[in-house]
Amino acid sequence: MTDNKMLEDIVREVLKSMAGAPQAAAPATAAKAGLCPERDYPLASKRPELLKTPTGKSLADITLDKILNGEVKSEDVRITPETLRMQAEIADGVGRYQFANNLRRAAELVAIPDARVLEIYNAMRPYRSTKQELLAIAEELEVKYNAKINAAFVREAAEVYERRNRLRAD
């Protein structure tokens with residue numbers, strides 16, 4: 001019994017560290033909360049009421065017993081866009097603007113299937129795509145996934161690749 005308790009404490013600490021660096025609720029909640037790094041970071045210990053999984057579970061709902069008996073599954077502990085946006089707000093609050101922007105891009109990517117993210121990653125490597133293919137990816141990101149920040153990033157990459165001769169030649 002003591003070993004299970006110790007293992008559960010370790011799992012909880014890992015989840016807290018993951019949640020402190022992201023894990024949360026809805027943007028409306030975050031906006032109302034007016035997150036402040038000194039008061040609210042790490043979110044897992046200072047604002048656990050804001051933390052929800054993609055399936056709606058709270059941090060307290062994730063225990064070793066529930067993992068072992070199958071009540072908590074991998075989809076219950078994936079990061080949410082809201083978590084990433086809240087963490088971006090915290091990063092902005094300490095002047096880490098580039099990191100905050102990276103978190104916002106990641107928040108958009110959560111909605112895109114993993115296999116498609118890998119395909120896009122490979123397409124964006126130098127000499128792998130034409131400008132038109134990159135622009136089509138940007139359009140897909142914006143229209144299909146509402147990933148406007150990432151779409152702008154791909155469009156910018158297409159322009160830079162064109163200037164530097166890094167596009168695939170047909």
Check your understanding: Do Asn150 side-chain atoms and Ala147 backbone N/O form a donor-acceptor pair below 3.5 Å?
Key -> no
Practice item. State, yes or no, whether a side-chain contact exists between Thr80 and Lys52 at a heavy-atom distance under 4.5 Å. Key: no
Point to revise | Straight-line distance of Leu68 CG to Thr63 OG1, nearest 0.5 Å | key: 8.5 Å
Check your understanding: Does Tyr121 OH have over 12 foreign heavy atoms under 6.0 Å away?
Key -> no
Check your understanding: Hey, quick one: are Phe99 and Ile79 part of the same hydrophobic cluster, counting side-chain heavy atoms closer than 4.5 Å, chains of contacts allowed?
Key -> yes
Revision key, fill the gap. In short, salt bridge (Lys or Arg N to Asp or Glu O under 4.0 Å) pairs touching residues 146-159 with sequence neighbours left out are Lys131-Glu159, Glu139-Arg155, Glu142-Arg155
Review point. Quick one: OG1 on Thr130 to CD on Glu162, what's the gap to the nearest 0.5 Å?
Key: 10.5 Å
Review point. Below 4.5 Å, heavy atoms only, C-beta onward: do Glu108 and Asn146 meet side chain to side chain?
Key: no
Check your understanding: What's the shortest heavy-atom distance between Ala151 and Ala138, and which atoms?
Key -> CB-O, 3.3 Å
**Study point:** Results of salt bridge (charged side-chain N to carboxylate O under 4.0 Å, His left out) for Glu133 - residues two or more places apart only
**Key:** Arg168
Practice item. Taking all heavy atoms of Glu38 and all of Lys46, pick out the closest pair and write down the distance. Key: O-NZ, 3.3 Å
Point to revise | Remaining members of the apolar cluster that contains Val117, side-chain heavy atoms under 4.5 Å | key: Leu109, Ile112, Ile120, Met124, Leu134, Ile137, Leu141, Tyr145, Phe153, Val154, Tyr161, Leu167
Review point. Taking the side chain from Gln87 and the backbone from Leu103, do they hold a donor-acceptor pair closer than 3.5 Å?
Key: no
Exercise for review: Report the residues that fulfil salt bridge (charged side-chain N to carboxylate O under 4.0 Å, His left out) with Lys66, sequence neighbours left out, ordered by chain and then residue number.
Suggested key: none
Study note, to complete from the structure: Taking every heavy atom of Ser129 against every heavy atom of Ala123, the minimum-distance pair comes out as OG-O, 2.6 Å
Check your understanding: Among all residues two or more places apart in sequence or in another chain, which pass the side chain to side chain contact (heavy atoms under 4.5 Å, CB included) test with Thr55?
Key -> Thr53, Lys57, Glu75, Asp76
Exercise for review: Apply salt bridge (charged side-chain N to carboxylate O under 4.0 Å, His left out) to Arg128 and list each qualifying residue two or more places apart in sequence or on a separate chain.
Suggested key: none
